[in-house]
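Worksheet for the structure shown next.
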Amino acid sequence: MRQLCSYLVPLALCAGLIGTPALEIVNLGVLVAQAQAQPPEVRRGYTLLDRGLVKDAIAAFQQAVRRYPQSIPAKLGLAIAYRRQGEISDAWDTYQQVLAQEPNNQLALKSVGLLGSYRPEWQASGIEALTTLLSLNPNDTEARAQRALLYGYQGRFAEALADYQT
């Protein structure tokens, strides 16, 4: 496991994760570690994701979610894999499933906040997710800046300015 964690950040850069939220990269390491205690389908999905085999990881995570529909690590892995594959709507839907089951899941909250900038109809949910995240972590400047951006997109400039000034 130590070897996995020591090359996780360079692997993230090689696997095309530039622009991926730092929280996702850090949590991927945590999720990989947690996956060791998970069913084989979940472990396989994270192994494939770690190797950059995103399409194969999606298939493994889909199988895991079908077999273990309450598994948060399986759903998070699937959402991450969808996002890396560019299947943004599927990632959005999967993160929403995680939040329905675990409303304070910080990775899902931050990801929904970031994805909120992809479509106008997602902005309000993105703001809501980031507001929840900021209630858990008031000093998260990345989340606050993203929320300010979404406020700006919605023409809510006073709220955007307040976030930028905090």
Side-chain angles (χ1 to χ4, degrees), residues 8-9 11-32 34-35 41-42 44-66 68-134 136-137 140-156 159-160 163:
L8 194 58
V9 172
L11 174 68
L13 295 173
C14 294
L17 296 181
I18 297 174
T20 298
L23 182 63
E24 184 176 300
I25 294 170
V26 171
N27 280 345
L28 182 58
V30 171
L31 291 171
V32 170
Q34 290 173 350
E41 296 90 344
V42 176
R44 182 171 178 268
Y46 280 103
T47 298
L48 292 166
L49 196 57
D50 186 44
R51 292 182 182 159
L53 302 171
V54 179
K55 287 182 181 182
D56 294 333
I58 288 172
F61 285 126
Q62 286 172 332
Q63 179 182 9
V65 169
R66 278 192 302 275
Y68 307 99
Q70 298 303 310
S71 173
I72 294 292
K75 289 177 184 174
L76 286 173
L78 182 58
I80 292 167
Y82 279 145
R83 187 161 169 232
R84 288 190 191 169
Q85 189 62 30
E87 298 178 19
I88 302 304
S89 291
D90 291 328
W92 174 266
D93 292 341
T94 307
Y95 282 124
Q96 295 297 332
Q97 291 173 25
V98 170
L99 291 175
Q101 190 175 337
E102 194 173 281
N104 291 332
N105 185 288
Q106 292 185 37
L107 176 58
L109 289 167
K110 189 160 224 171
S111 296
V112 165
L114 290 168
L115 292 174
S117 64
Y118 282 62
R119 295 190 178 164
E121 63 268 21
W122 292 352
Q123 291 169 3
S125 294
I127 290 169
E128 184 180 322
L130 292 168
T131 300
T132 301
L133 181 63
L134 286 165
L136 300 170
N137 296 316
D140 186 334
T141 56
E142 185 179 317
R144 192 166 301 281
Q146 180 64 22
R147 186 175 72 173
L149 179 70
L150 293 175
Y151 278 143
Y153 287 162
Q154 294 207 319
R156 297 165 66 181
E159 293 157 296
D163 269 352

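In this text the structure is predicted, and so the values were computed from the model without any measurement.
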To the nearest 0.5 Å, what is the distance between CD (Q106) and CG (N104)? 8.0 Å

Using modelled atom types and a 3.5 Å cut-off, is there a donor and acceptor pairing between side-chain atoms of K110 and backbone atoms of E142? no

Report yes if the side chains of F61 and D56 come closer than 4.5 Å at any heavy-atom pair, otherwise no. no

Least distance between heavy atoms, A108 atom then Y95 atom: CA-CD2, 3.7 Å

If I compare all heavy atoms of G45 with all of A57, which pair ends up nearest, and what's the gap? O-CB, 3.6 Å

Separation between CD1 (I80) and NZ (K75), nearest 0.5 Å, reads 14.5 Å

Under 30°, 30 to 60°, or over 60°: which ring-plane class applies to W92 and W122, parallel, tilted or perpendicular? parallel

State, yes or no, whether a side-chain contact exists between L130 and R144 at a heavy-atom distance under 4.5 Å. no

Would you list the atom pairs, donor with acceptor, under 3.5 Å between side chains in residues 145-154 and any protein atom, with sequence neighbours excluded?
unit_1, atom_1, unit_2, atom_2, d
Q146, NE2, G113, O, 3.2
R147, NE, D163, OD2, 2.6
R147, NH1, T131, OG1, 3.1
R147, NH2, D163, OD1, 2.6
R147, NH2, D163, OD2, 3.3
Q154, OE1, R156, NH1, 3.2

Roughly how far, to the nearest 0.5 Å, is CZ of R83 from CG of D90? 14.0 Å

With P73 as reference, evaluate L78, V98, V42 under the side-chain contact (heavy atoms from CB on, under 4.5 Å) test and give the passing residue. V42

As a quick check of understanding, evaluate side chain to side chain contact (heavy atoms under 4.5 Å, CB included) for T47 and L53, giving each step before the final call. CA-CA 9 Å; T47 298; L53 302 171; over 6 Å; no

For the pair Q101 (side chain) and Q70 (backbone), establish whether a donor and an acceptor sit closer than 3.5 Å, ignoring hydrogens and angles. yes

Are a donor atom and an acceptor atom from the side chains of R119 and S89 found within less than 3.5 Å of each other? yes

Compare every heavy atom of L49 with every heavy atom of G77, then report the nearest pair and how far apart it is. O-CD2, 4.2 Å

Specify the closest pair of heavy atoms between S125 and V112, including all atoms of both residues, with the distance to one decimal. O-CG1, 3.9 Å

Between the main-chain N or O of D140 and the side-chain N or O of N137, is there a donor-acceptor pair closer than 3.5 Å? no

Gap between atom CG of L109 and atom CD of E128 - 0.5 Å precision: 9.5 Å

Which heavy-atom pair separates N105 from L99 by the least distance, and what is that distance? O-CD2, 3.9 Å

Any side-chain donor near an acceptor of the partner, Y82 and Q62, under 3.5 Å: yes

So, does S117 use its side chain to make a donor-acceptor pair with the main chain of L114 at under 3.5 Å? yes

Compare every heavy atom of E102 with every heavy atom of I72, then report the nearest pair and how far apart it is. CG1-OE1, 3.7 Å

